[in-house]
Every structure is written in structure tokens, then in C-alpha cells.
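Written out below as C-alpha cells is the structure these notes cover.
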Protein chains: 2
Amino acid sequence: MMELTRKGEYAIRGIVYLAGKPMDKVYLLSDIAAAVDVPPTFLAKIFQQFSKMGLVKSFRGTGGGFMLGRAPENITLLEVVEAVEGPIIPNRCVVNPLNCERSGDCNVHPVWARVQGEVRGVLEGVTLKELASERQKV
Amino acid sequence: MMELTRKGEYAIRGIVYLAGKPMDKVYLLSDIAAAVDVPPTFLAKIFQQFSKMGLVKSFRGTGGGFMLGRAPENITLLEVVEAVEGPIIPNRCVVNPLNCERSGDCNVHPVWARVQGEVRGVLEGVTLKELASERQKV
DNA sequence: CCTAAAAAGACTTTATATGTCTTTTAGGGG
DNA sequence: CCCCTAAAAGACATATAAAGTCTTTTTAGG
């Protein structure tokens with residue numbers, strides 16, 4: 001349960017790779033895909049989503065490619081995950097209490113809201129800079 | 001992302017309903033299913049899993065049905081969810097670091113471990129008794 | 001205008017979720 | 001012992017989502 005999809009996994013690998021590179025250069029999608037071992041066509045879709053969210057900048061044509069949209073220390077893991085997986089929602093009823101049948105007496109609702117908060121909190125506290133750094137205390 | 005499946009939702013509804021009833025009686029699956037508005041055949045599967053985990057006791061034949069396996073205050077939401085959804089695993093690599101390619105320098109790993117811990121912590125802190133109670137502070 | 005590379009969208013395949021149906025097993029009562 | 005009730009077990013069916021591919025279009029450089 002609560003498992004990150006492969007898409008999410010790939011997304012993290014790809015953007016962390018970028019975050020570990022000099023920021024003012026452009027990198028070919030095909031090179032990134034090869035480096036992090038992800039199907040290039042699939043990674044293309046993922047980076048398109050990143051691009052829409054401003055997490056990366058894209059350049060077409062000759063000499064084109066991708067670069068990080070912001071400094072790695074200003075991009076959180078939460079943003080990366082939500083960019084490709086959508087918002088973190090443990091339960092429908094967290095979004096819209098009306099989906100909660102008998103929402104009036106549903107004691108489970110606040111629990112899911114708490115779960116959501118905790119998860120977002122953890123992911124929000126981690127930046128790409130930390131993830132891309134050589135090695136750090138575990 | 002991280003969404004509870006309908007199975008999990010149904011499971012909670014079903015067992016919380018049981019938890020709200022006098023404990024020393026037996027309840028027909030068909031009645032429970034009707035009360036919580038879940039397809040009876042599906043709820044049957046769910047309760048079979050509960051039964052294997054000892055969360056409920058089942059009785060066959062005439063006068064048979066289900067009752068809670070333990071007192072509601074001794075069953076946590078975590079147990080219920082994991083009984084039907086399996087363990088809470090934000091990422092494969094949390095289970096087995098060997099699945100982590102380049103696990104040596106993977107800084108994401110500990111983050112997922114932390115997420116897992118937080119989620120389990122929240123769910124473990126909630127009992128069926130609380131969930132079944134008439135009304136409580138939100 | 002030719003080539004490189006991303007963008008966009010249709011399409012395919014595979015896996016998982018969501019259920020249903022049928023048969024078997026266990027228990028109670030006449 | 002037979003019959004009825006109800007859960008257990010497992011095969012089966014369908015729907016949805018994940019995972020991945022392919023083709024065409026757009027943009028930029030030389």
C-alpha cells in the first residue's frame with residue numbers, strides 16, 4: 001500500500017541526476033535516460049510534466065535539452081513527487097468531505113488528514129540538493 | 001498518490017461497524033454488508049482476510065457469522081489496513097535495499113523509511129474503539 | 001531548408017483493482 | 001443421517017490504471 005509508482009521512481013532518479021550536474025548546462029534527454037536507466041520515451045513524458053511545473057527548463061532543436069528550473073536547494077522532493085504522481089491523498093474523503101458517506105460521524109477522516117500532513121511534511125523537508133549530494137549521514 | 005484502495009475503505013467500514021456493536025454477538029456478513037453499503041461478495045473476501053489475521057472470528061452454519069476477534073481498543077487502524085492492503089511500503093527499496101540500484105549512494109532511501117515510519121505511527125495510534133465511538137473532538 | 005531535439009497525442013500492453021460465481025466445508029437441528 | 005445455513009476457497013470476469021511505444025508536430029540552430 002501507498003507505493004510510489006515506477007513513474008515516480010523514474011522521475012526522482014532523473015531529476016536528482018540533473019541536480020547533481022552543473023546547473024548552467026543543458027543535458028540531452030537521451031543521455032539522462034541512459035544514465036539513470038529509464039526508457040527514454042517514458043522519461044520524456046515525465047520531463048514534459050516537470051517542464052510544465054517549472055521544475056526543469058526545456059530547449060528544443062539543435063543543442064537543446066533540459067536543465068534544472070531552479071537551484072537544487074529550492075526544489076523539494078514533495079514538488080517532484082506531486083508533479084508526476086499528483087497530490088498526496090491517502091483517501092478520497094480528505095479532498096472532499098462530501099464524498100464521505102455519513103461524513104457527519106466519520107471518525108476516520110481526521111486520521112487520513114493527519115497521514116497526509118505527515119507525509120507531505122517529510123517530503124517537503126528534503127531538497128534535491130541533499131538528494132544529489134555525494135554522501136551524507138544516514 | 002498513496003491512495004487507499006476501495007478494498008481498504010470497505011474493510012475499515014466493515015470492521016468499524018462491528019466494533020460499534022455489542023462484542024459478544026455474531027453478525028451475518030450479509031447484514032454487515034448491507035449496513036455499510038459494500039458488495040457482500042467483496043466484503044466476504046475482506047472478512048476472510050480479517051479472520052486469518054485474527055481480527056475477527058468467524059462461525060459457519062446456522063446461527064453463524066462474524067464477531068470481533070479482540071476488544072476494539074486492542075485493534076489498531078494499522079492492523080486493519082495492513083491486513084487487507086499489505087504492508088505500508090512507500091518504495092520497494094524500503095523492503096529490500098538490494099532492489100535499490102546503486103543503493104550505496106541512494107540518499108532517497110532514508111526518506112522513504114521515514115515516511116513509512118510516520119504513516120505507521122499515525123495509524124498505529126488509532127484504535128477501533130475510537131473510530132466506532134459516537135462522536136469525538138475533531 | 002535541413003537537421004536536431006523536445007512536445008503532443010494516439011496507441012498498445014500489462015498489471016492491478018474490483019468484483020462475481022461456483023463449489024466446498026463446517027455446523028446446527030430435526 | 002439428512003437437510004439447511006453460512007462461511008471458505010478458488011476460479012473467473014471486467015474495469016481501471018500503470019507502463020511503455022510510436023507517430024506527427026513544433027521549435028530552434030546552422
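In the text below, chain A, chain B and the rest are named by the order of the sequence lines, each starting its count at 1. Treat the numbers as computed from the prediction; the structure is a model and nothing was measured.
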For this session: Enter the distance from B:Y27:OH to B:L68:CG here, rounded to the nearest 0.5 Å.
Result: 10.0 Å
Exercise. With no hydrogens and no angle check, is any side-chain donor or acceptor of A:E85 less than 3.5 Å from a backbone partner on A:T5?
Worked result: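 Judged by distance alone, yes, a pair lies under 3.5 Å.
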Problem set entry | A:A83 backbone acceptor or donor facing A:Q49 side chain under 3.5 Å |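 Yes, because the side chain of A:Q49 sits within donor-acceptor range (under 3.5 Å) of the backbone of A:A83.
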For [X] and [N], give me the distance from atom [atom1] to atom [atom2], rounded to whole Å.
{"X": "B:Y27", "N": "D:dA6", "atom1": "OH", "atom2": "P", "result": "16 Å"}
{"X": "A:D31", "N": "C:dA4", "atom1": "CG", "atom2": "C1'", "result": "13 Å"}
{"X": "A:I46", "N": "C:dA8", "atom1": "CD1", "atom2": "P", "result": "16 Å"}
{"X": "A:F66", "N": "D:dA28", "atom1": "CZ", "atom2": "P", "result": "14 Å"}
{"X": "A:F47", "N": "C:dA5", "atom1": "CZ", "atom2": "C1'", "result": "14 Å"}
{"X": "A:L28", "N": "D:dA28", "atom1": "CG", "atom2": "C1'", "result": "14 Å"}
{"X": "A:Q48", "N": "D:dG20", "atom1": "CD", "atom2": "P", "result": "16 Å"}
{"X": "A:E9", "N": "D:dG20", "atom1": "CD", "atom2": "P", "result": "11 Å"}

Could you check whether any side-chain heavy atom of [X] comes within less than 4.5 Å of a side-chain heavy atom of [Y], counting everything from C-beta outward?
{"X": "A:M53", "Y": "A:E82", "value": "no"}
{"X": "A:D24", "Y": "A:M67", "value": "no"}
{"X": "A:L123", "Y": "B:W112", "value": "yes"}

Exercise. What residues, two or more places apart in sequence or in another chain, satisfy side-chain hydrogen bond (donor to acceptor under 3.5 Å, both in side chains) together with B:R70?
Worked result: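 Once residues adjacent in sequence are excluded, the partners of B:R70 under the side-chain hydrogen bond (donor to acceptor under 3.5 Å, both in side chains) criterion are B:E79.
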For this session: Could you tell me whether the phosphate oxygens of D:dA7, OP1 or OP2, come under 4.0 Å of any side-chain nitrogen or oxygen in B:S51?
Result: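 No.
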For this session: Mark up nucleotides 17-30 of chain C, 5' to 3', with B wherever a protein heavy atom is under 4.0 angstrom from a base atom, S wherever such an atom reaches only the sugar-phosphate, and - elsewhere.
Result: -SSB----BBBS--
Exercise. ring-ring contact (aromatic ring centres under 6.0 Å, His included) with A:F66: which of A:F47, A:F59, A:Y17?
Worked result: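 With A:F66 as partner, ring-ring contact (aromatic ring centres under 6.0 Å, His included) holds for just one option, A:F47.
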For this session: With heavy atoms under 4.0 Å as the rule, sort B:K52 into base, sugar-phosphate or nothing.
Result: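 B:K52: backbone/sugar contact only, no base atoms under 4.0 Å.
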Problem set entry | Between B:E9 and A:N91, a side-chain donor and acceptor under 3.5 Å |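 Checked: B:E9/A:N91 side chains pair up, N/O donor to acceptor below 3.5 Å.
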For this session: Hunt down the Watson-Crick or G-U wobble partner of C:dC1, both distances under 3.5 Å, from any strand shown, or write none.
Result: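 Partner of C:dC1: D:dG30.
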Exercise. When you measure from every atom of DNA chain D, which of residues 14-25 of chain A have a heavy atom less than 4.0 Å away?
Worked result: none
